[in-house]
Amino acid sequence: MTAAAAPSVASLVQSVDWLAIAPPTIAAVVALVVLVADLFLGERRKALLGWVSVAGLAAAALALLPLLDGDRSTFCLKTLKGEQAACSYTADHFTLVIQFLVLAGALLTALLSITGIKDAKNTPRALPEGEFWFLLLSSAAGAALLPASRDLATLVVALEVASLPAFALVGIKRDDRRSSEAALKFFLSSVTATAVTLLGVSFVYATTGTLHLTRIATALTHVDGQFHTLAQAGVVLTLVGFAFKTAAAPFHFWVPDTYVGAPLPVAAYLSVIGKAVGFSGIILVTVVAFPSYADVWGPALAVLAALTMTVGNVAALRQQATRAYSAVRLLAWSSVGQAGYLLVPIAAAAYSKDADKAIGSTVAYALMYAAVNLGAFAVAALVARTKPLNRISDYRGLYRTRPLAALVLGFFLLCLAGLPPGIIGLFAKVTVFSAAVDAGLGWLAVVMAVNVVIALYYYLQWTATLFRSAEGEQAVQRIPAPLTAAIGLTAVIGVALSGAPQMVLRFASTGLF
């Protein structure tokens, strides 16, 4: 009896590679440091917490450099002979690309937040600095953990670690009914999606007897006929939570109200890092864990992509320029439409012989989208300093008062539309379109083409507004250094990527798994 149990006991012995887990660990440790330091710092010195957070996120991003030499795995089960059986954490090329996106995006969000918190100080809507930075860093740590997760338990835990602080960030504006309502809507819909996902995970575990993604992939190739329907249900339900994070229709209804109710930097964070979390989770569970069930998730994701891009673009098209917060709402609906484009290559991976190439298209598009969308939110934060209602009509004449900001925002909008000089946006859309055509999804390529045309209207309409003559005198304020840095960095990245778009695709698709 003891001899029979020995292999099982031995397999529980795990190795820990501290260098591999350094990026999310640094973010988590700095979060705890900020939380404790907040107890001992006076009000005048709490601004230091923001810069400590920025430094911590920069250090976490720099910790990716030593991992470029090769794939590293940790928290691995081993046999009695010391052979590696399965791992819960893997720092491969896919992990590093998504972690870079997450940590760089969180760093830019932190720069935006420093200005936002300073502007709100000594007002009825002042933000609690210590709690804000702790929540942002905690969410970033969970988001950085998720792409490295290689078992369903770690995936779900990482998803929740990224999500739970985000709920609090959305509702962090005290005595603001809109913020509280947005947080509640975000929380309830997310908890429901998570419950469905956990049900799917339990079905997969009941079918395969394991939670490790590679073992699930092997076990699903020879499922007994009586468990086939259970496995299919598990595959579909497991995707629900991640589809919610990507704001894919019909799980998108929380997006516009949440973005409007949240502080602008938090809305920017959700639009980029939230999507990175959702898409990396979808990629891992479909391509790594469920490749043998591509006939189930492939058509489902294709329909989801078509529905998401159509709902997002049509809703963005209907935004009224004079409505309060219409600029933020347009960016929110635009992010839903962009999520549809991001889903296209993942759906194509189900039909393609080269899944890595298809997934690379999604990752490349995500990198482009992250840079330009954060930049658009940064300019929106600049305008909101003098026009807090942030209507699209408030951007009229921006070129006269802030020529560089107007040019940068116009460039970002053209990138999102896929028009020159936003070459990186055009290149990303062509790459995604090609992935659909190569996979034989001609109908999805047609739907995407129609949606790109629809999106052109509202992106160009907003761009034209920037250069129209303004009505009345426009207030001009000095731009704070952190906000200038965020706008400048995103602009430089966008221009650099437009100069060498093929570099992004090569970086995103080379040896992902």
Side-chain angles (χ1 to χ4, degrees), residues 243 246-250 252 255 275 279 282 297-319 330-352 354-355 357-370 372-373 376 410-464 494 497-498 501-502 504-505 508-509:
T246 63
H252 68 286
V255 173
K275 278 186 173 48
F279 281 106
I282 288 178
W297 56 262
L301 289 182
V303 172
L304 210 62
L307 182 62
T308 301
M309 66 178 77
T310 303
V311 168
N313 286 317
V314 170
L317 193 64
R318 297 178 59 200
Q319 296 306 305
L330 190 145
L331 287 173
W333 285 115
S334 163
S335 74
V336 174
Q338 299 289 340
Y341 304 146
L342 285 161
L343 281 170
V344 170
I346 307 177
Y351 304 90
S352 175
D354 189 358
K357 183 180 178 181
I359 296 305
S361 299
T362 286
V363 177
Y365 197 105
L367 289 170
M368 178 281 298
Y369 169 77
V372 300
N373 209 60
F411 173 71
F412 292 145
L413 293 173
L414 292 176
C415 283
L416 291 171
L419 289 177
I423 302 299
I424 185 59
L426 175 62
F427 182 81
K429 280 185 169 56
V430 169
T431 303
V432 169
F433 189 85
S434 298
V437 173
D438 293 343
L441 294 173
W443 68 270
L444 186 55
V446 171
V447 172
M448 179 180 172
V450 171
N451 275 278
V452 169
V453 173
I454 294 173
L456 285 177
Y457 178 80
Y458 62 80
Y459 284 131
L460 290 177
Q461 188 179 46
W462 191 355
T463 304
L497 294 181
S498 291
Q502 70 282 355
V504 183
L505 183 61
S509 58

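These numbers come from a predicted model, not from an experiment. Positions are given from 1, in the same order as the sequence printed here.
The nearest pair of heavy atoms linking Leu444 to Ala305 is CD1-CB, 4.4 Å. In terms of heavy-atom proximity, Ala439 sits nearest to Tyr351 at O-CB, 3.4 Å. Considering every non-hydrogen atom in both Trp297 and Ala349, the closest pair reads CH2-C, 4.2 Å. Taking all atoms of both residues into account, the shortest heavy-atom contact from Leu426 to Gly418 is CD1-O, 3.3 Å. Of all the heavy atoms in Val336 and Gly312, the pair that sits closest is CG1-CA, 3.8 Å. Looking at every heavy atom in both residues, Leu343 comes nearest to Ala248 through CD1-CB, 3.9 Å.
Residue pairs meeting the side-chain hydrogen bond (donor to acceptor under 3.5 Å, both in side chains) criterion with at least one partner in residues 301-319, sequence neighbours excluded, are Thr310-Asn451, Asn313-Tyr341, Asn313-Asn451, Asn313-Tyr458. Evaluation of the side-chain hydrogen bond (donor to acceptor under 3.5 Å, both in side chains) test over residues 413-442, restricted to residues two or more places apart or in two chains, returns Tyr365-Lys429.
With sequence neighbours excluded, the residues satisfying side chain to side chain contact (heavy atoms under 4.5 Å, CB included) with Ala445 are Phe433, Ala436, Val437.
By the 4.5 Å heavy-atom criterion applied to side chains, Cys415 and Tyr369 are not counted as neighbours. Put simply, the side chain of Pro345 does not reach to within 4.5 Å of the side chain of Ile359, judged on heavy atoms. Within the 4.5 Å cutoff, side-chain heavy atoms of Leu331 are placed close to those of Trp462. Between Lys275 and Ser335 the shortest side-chain heavy-atom distance falls below 4.5 Å. Side chains of Val344 and Met309 form a contact here, defined as non-hydrogen atoms less than 4.5 Å apart.
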What's the verdict on side chain to side chain contact (heavy atoms under 4.5 Å, CB included) for Leu419 and Leu456, showing C-alpha distance, side-chain angles and the deciding distance? CA-CA 9 Å; Leu419 289 177; Leu456 285 177; 3.5 Å; yes
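A side-chain donor-acceptor contact under 3.5 Å links Ser498 to the backbone of Ile424.
A side chain to side chain contact (heavy atoms under 4.5 Å, CB included) with Trp333 is found for one member of Val311, Val255, Val314, Leu317 and no other, namely Val311.
One distance of note links CG of Leu414 with CG of Leu460; it measures 6.5 Å at 0.5 Å rounding. Within the model, atoms CD1 of Ile346 and OG1 of Thr362 stand 4.5 Å from one another, a figure rounded to the nearest 0.5 Å.
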